[in-house]
Amino acid sequence: MIKEQVPNIHTGIFSSYVDSDVVVFGIPYDGTASYRPGARFGPQKIRQEIDGIETYSPYINKDLCDCKICDMGDMPLFFGNTQTMLDNINSEIQHILKDDKKTVVLGGEHLISLPIIEPYIKKYPNLHVIHFDAHADLRNEFLGERLSHATVMRRIFEKLNGTLWQFGIRSGTREEFAFADENTRINKFDLNGIKEAVCTIGSAPVYVTLDIDVLDPSIMPGTGTPEAGGVTFNELIAGILPLSELNIVGADIVELSPHYDPSGVSTSVACKLLRELLLIIS
Ligand code: MN
Ligand code: MN
């Protein structure tokens with residue numbers, strides 16, 4: 001079990017674990033990064049920078065100060081054995097779900113969403129997953145591995161009874177797009193299908209996984225596999241706000257890799273997205 005940390009972001013607003021409704025923690029893992037590693041540095045960078053934005057969101061007229069959020073710091077990881085790492089994350093999430101809390105996890109690379117979502121599906125068999133990403137992440141194998149940031153949504157799809165809704169996808173193999181056409185609700189290039197998704201999902205439980213490379217590299221250079229042609233920040237906010245009508249039970253923000261972000265723009269964007277997600281889920 002990770003230890004509760006002295007609150008180190010927005011000092012004063014964070015609750016204790018016992019009092020919290022939402023538990024935030026980092027998983028600084030980037031062990032399967034194929035192009036540019038460094039997402040392991042994402043959670044700490046977000047903690048360093050998030051004080052730079054207000055706790056109040058004029059988009060949804062809510063304030064983090066009014067929410068019961070606990071920051072548990074980063075999970076200790078044992079690099080070298082992917083399966084052990086995934087098992088540790090899985091049991092951590094089970095523990096928190098048993099306490100009837102929601103989780104918002106800071107990545108780390110996208111593979112971490114698999115062991116997070118598995119226990120969610122056990123708890124909520126009709127779970128839907130909303131996936132924002134430049135990449136389909138639907139490969140069956142990548143470089144001979146079934147467990148990778150490039151296969152993560154395929155593995156999640158295999159466990160899911162509800163629907164996998166994908167938005168902003170503009171990169172993948174021919175096979176991945178064919179698989180998506182058959183099996184997922186894929187929205188290529190943009191986020192236009194969000195409102196339809198919200199109507200269809202209704203009151204079912206939803207997990208949101210946000211790979212920040214869905215944004216255009218012009219404002220999100222700090223990521224492992226930047227992909228031109230992404231959405232703008234305002235388009236992403238407009239896509240996220242309707243999610244407040246849903247029963248969101250968990251979320252993650254993955255793939256921030258701050259060393260490719262010399263101006264700091266990527267981290268400040270990620271911090272603002274984290275604020276909106278925390279407010280929507282609270
Ligand atoms: Mn991804
Ligand atoms: Mn991606």
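On a predicted model such as this, the values are computed, not experimentally measured, just so you know. Order of listing sets the numbers, starting from 1, for every ligand and every atom in it.
- The aromatic rings of Phe233 and Tyr59 sit perpendicular to each other, their planes meeting at more than 60°, with 30° as the lower class boundary.
- Atom ND1 is the N, O or S atom of His110 at the shortest distance from the Mn ion (ligand 1).
- If you check the side chains of Asn247 and Ser203, you find no donor sitting under 3.5 Å from an acceptor.
- Of the angles at the Mn ion (ligand 2), the one spanning OD1 of Asp133 and OD2 of Asp211 is 80° when given to 10°.
- Within the cation-pi definition used here (under 6.0 Å to the ring centroid, within 45° of the axis), Lys101 qualifies as a partner of Tyr17.
- With respect to the Mn ion (ligand 2), His135 has ND1 as its nearest N, O or S atom.
- Taking the six-membered ring for Trp and thresholds of 30 and 60 degrees, Phe157 and Phe179 have ring planes more than 60 degrees apart, a perpendicular arrangement.
- The atom name of the N/O/S atom in Asp213 closest to the Mn ion (ligand 2) is OD2.
- As for Asp137, its N/O/S atom nearest the Mn ion (ligand 1) is the one called OD2.
- Between Ile237 and Glu276 there is a side-chain heavy-atom pair separated by less than 4.5 Å.
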